[in-house]
There are 2 protein chains.
Amino acid sequence: MQAQTCNYVFFFSYPFNQNIMPKKTLPKLHSDFSVDCVIFGFDEGELKVLLIERNEEPYKSWKAIPGNLAQDKENLDDAAARILHDLTGLENVFMEQLHAFGKPDRHPQGRVITIAYYALIKSTTNGIHPVTTFASKALWWPAYDLPELAFDHKEIIEMALRRLTNRIRYIPIGFELLPEKFSLTQLQHIYEVILRKDIDKRNFRKKILSYGFLTELNQKQQGVSHRAARLYKFNKKIYEGLKDKGFYFEP
Amino acid sequence: MQAQTCNYVFFFSYPFNQNIMPKKTLPKLHSDFSVDCVIFGFDEGELKVLLIERNEEPYKSWKAIPGNLAQDKENLDDAAARILHDLTGLENVFMEQLHAFGKPDRHPQGRVITIAYYALIKSTTNGIHPVTTFASKALWWPAYDLPELAFDHKEIIEMALRRLTNRIRYIPIGFELLPEKFSLTQLQHIYEVILRKDIDKRNFRKKILSYGFLTELNQKQQGVSHRAARLYKFNKKIYEGLKDKGFYFEP
DNA sequence: GCAAAAGTGTTAACTTTACACCCATGT
DNA sequence: ACATGGGTGTAAAGTTAACACTTTTGC
């Protein structure tokens with residue numbers, strides 16, 4: 001997060017199809033908008049969302065989803081990746097633009113719309129991926145049981161949850177919430193939590209294996225106090241070939 | 001489209017999580033962003049998109065999708081509805097936010113992101129719905145064969161097309177492009193064009209009727225030079241009950 | 001040996017696909 | 001009477017859903 005010096009900018013709030021301005025000197029336009037990021041993780045059988053506690057006004061000491069004003073020369077996607085990276089140290093994370101939120105009164109300092117993203121981050125084998133920077137201020141919270149939140153952030157998370165439920169039916173994104181190597185039961189739990197329903201174990205395995213994008217590893221779980229499960233990896237290449245034909249998975 | 005007077009606004013370009021500003025007087029933030037709208041119609045067996053010819057800089061006399069800077073106190077959805085209404089006179093049209101586009105250099109006057117929407121408008125029985133205001137500047141263009149366009153508008157339309165292909169599989173939106181009363185063959189053509197494939201007539205009818213959200217009318221087509229087709233209406237209430245259980249239609 | 005989760009197959013119900021001819025209407 | 005699109009049923013193939021017991025491992 002780069003500090004920005006305080007500066008003044010002059011500008012006209014002109015709709016650009018008004019024809020009353022001098023021909024050659026188009027007015028300068030400028031936007032203050034933020035990029036916010038709903039970060040999901042999966043731990044202890046629960047879907048979690050990463051919240052920060054704000055340490056500035058407005059909404060000082062409220063919980064919020066991480067976000068920031070976008071920098072001047074920055075793509076939206078890059079801004080979202082930066083916010084995620086600053087907070088977690090992670091890169092190459094599954095991320096998708098969610099929605100632009102722009103109620104005129106959503107921000108007390110003026111008209112600030114926000115472009116919301118959501119990200120799915122892989123847990124380590126011991127649990128959710130730890131937060132590196134800002135750790136004292138960031139906390140994982142159960143996604144289906146949210147506290148009061150700053151701005152319209154509750155609305156944003158709720159839309160992200162709906163999007164996730166929707167997406168998992170036609171993109172295999174369950175893997176994004178698991179470690180590289182995972183068992184079929186772990187994967188099934190992701191589907192059960194996100195789709196909010198129980199799934200038959202035998203049918204789930206048959207169907208998910210039938211797509212062929214899971215590579216069976218010659219490895220098993222370690223240190224569990226019951227029969228160790230075989231581990232699998234997601235084979236992105238095979239999926240890429242599959243997805244043009246359409247993919248719909250409602251177990 | 002309301003004219004806006006020319007004014008100057010002073011503001012600070014502060015990230016709001018910097019802690020160097022005076023406690024009680026938060027800086028005023030302000031955004032210039034536009035709302036653009038991809039308007040789809042269906043006519044002569046083709047999917048069309050409504051383009052305008054710009055009459056101001058930048059991109060004067062280029063073709064573009066209709067759009068405008070958002071007004072200060074306006075919701076994003078309302079701004080999109082206003083743009084559509086100003087151009088077509090229509091209200092209560094199917095409309096959905098598509099995506100926020102924000103490459104830093106997408107607008108020559110500065111950082112102007114745009115929130116893109118897409119809308120589906122019903123054709124009249126004689127063809128596509130006529131454009132009322134701005135008619136001289138607006139034209140229906142084949143959606144799969146676009147001209148050069150201003151800004152990043154081609155990219156926007158292409159994403160809208162992908163979204164439409166996707167949406168039609170799990171929301172029954174084919175109706176939104178047809179008159180209130182339509183024949184099953186008309187509806188099938190919508191699916192064939194948007195999904196870009198031929199569909200078996202008998203199977204299509206069986207499947208779409210099996211959902212129960214089409215009400216059979218005691219009316220037939222008029223003035224066709226062949227056996228007149230029975231007309232149907234979309235019953236929104238029945239669909240609303242259905243959609244919680246999920247809906248996937250890939251004919 | 002028991003608790004805990006892994007792993008495995010079959011059948012019936014349902015859904016999808018493929019396919020061809022007669023019907024109604026206007027010219 | 002012919003051209004145009006409207007309207008209809010069936011059987012085979014494929015998919016989904018329901019269901020219960022044995023295996024492995026750690027304690």
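The structure presented is a predicted model; accordingly, all values stated were derived computationally and were not measured. In what follows, chains carry the letters A, B, and so on, assigned in the order in which the sequence lines appear, proteins first and then strands, with residues in each chain numbered from 1.
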Residues in salt bridge (Lys or Arg N to Asp or Glu O under 4.0 Å) contact with [X], at least two apart in sequence or another chain:
X	answer
E216(A)	R230(A)
K154(A)	none
E46(B)	K48(B)

**Q.** Contacting residues from residues 170-179 of chain A, given that a heavy atom lies under 4.0 angstrom of DNA chain D
**A.**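 By residue number: none to list.
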Here the distance between atom P of dG9(C) and atom CG of L209(A), to the nearest Å, is 12 Å
In whole angstroms, the gap separating P of dT15(C) from CG of D200(B) amounts to 18 Å
Chain B reaches DNA chain D, atoms under 4.0 Å from its heavy atoms, from dT4(D) to dT10(D)
Taking only N/O atoms, report every protein-nucleotides 5-7 of chain C pair under 3.5 Å with atom names and distance.
residue : atom : partner : partner atom : Å
dA6(C)  : OP1  : T185(A) : OG1          : 3.0
dA6(C)  : OP2  : T185(A) : OG1          : 3.1
dA6(C)  : N7   : K201(A) : NZ           : 3.4
dG7(C)  : OP1  : R230(A) : N            : 2.8
dG7(C)  : OP2  : R205(A) : NH1          : 3.4
dG7(C)  : N7   : K201(A) : NZ           : 2.6
dG7(C)  : O6   : K201(A) : NZ           : 3.2

Exercise. Can you label the angle between the F213(A) ring and the Y211(A) ring as parallel, tilted or perpendicular, going by 30° and 60°?
Key: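 Plane angle under 30°, so parallel.
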message: Assuming nearest nucleotide by heavy-atom distance, tell me which of N203(A) and S225(A) is located more 5' along DNA chain D.
response: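 Counting from the 5' end, the first nearest nucleotide belongs to N203(A).
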With sequence neighbours left out, the residues meeting side-chain contact (heavy atoms from CB on, under 4.5 Å) with R202(A) are D200(A)
Identify, with sequence neighbours excluded, every residue that meets side-chain contact (heavy atoms from CB on, under 4.5 Å) alongside N166(B).
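With sequence neighbours excluded, N166(B) shows a side-chain contact (heavy atoms from CB on, under 4.5 Å) to Y170(A), R169(B), Y170(B), given in chain and number order.
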- Task: Write out all pairs satisfying salt bridge (charged side-chain N to carboxylate O under 4.0 Å, His left out) with one or both partners inside residues 183-198 of chain A, taking only residues at least two apart or from two chains.
- Result: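 Applying salt bridge (charged side-chain N to carboxylate O under 4.0 Å, His left out) to every pair that reaches into residues 183-198 of chain A, excluding sequence neighbours, yields K197(A)-E250(A).
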Where at least one partner belongs to residues 176-191 of chain B, residue pairs that pass salt bridge (charged side-chain N to carboxylate O under 4.0 Å, His left out), sequence neighbours excluded:
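Sorted result for residues 176-191 of chain B: K122(B)-E176(B).
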Quick note, side chain to side chain donor-acceptor pair (under 3.5 Å) partners involving residues 138-150 of chain A, not counting sequence neighbours, are none
* Asked: Within the structure shown, what part of the strands sits under 4.0 Å from K206(A) by heavy-atom distance: base, sugar-phosphate, or nothing?
  ->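 The answer is base, as K206(A) lies within the cut-off (heavy atoms under 4.0 Å) of a base atom.
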Partners of R227(B) by side chain to side chain donor-acceptor pair (under 3.5 Å), sequence neighbours excluded?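 Result, side chain to side chain donor-acceptor pair (under 3.5 Å) vs R227(B): none returned.
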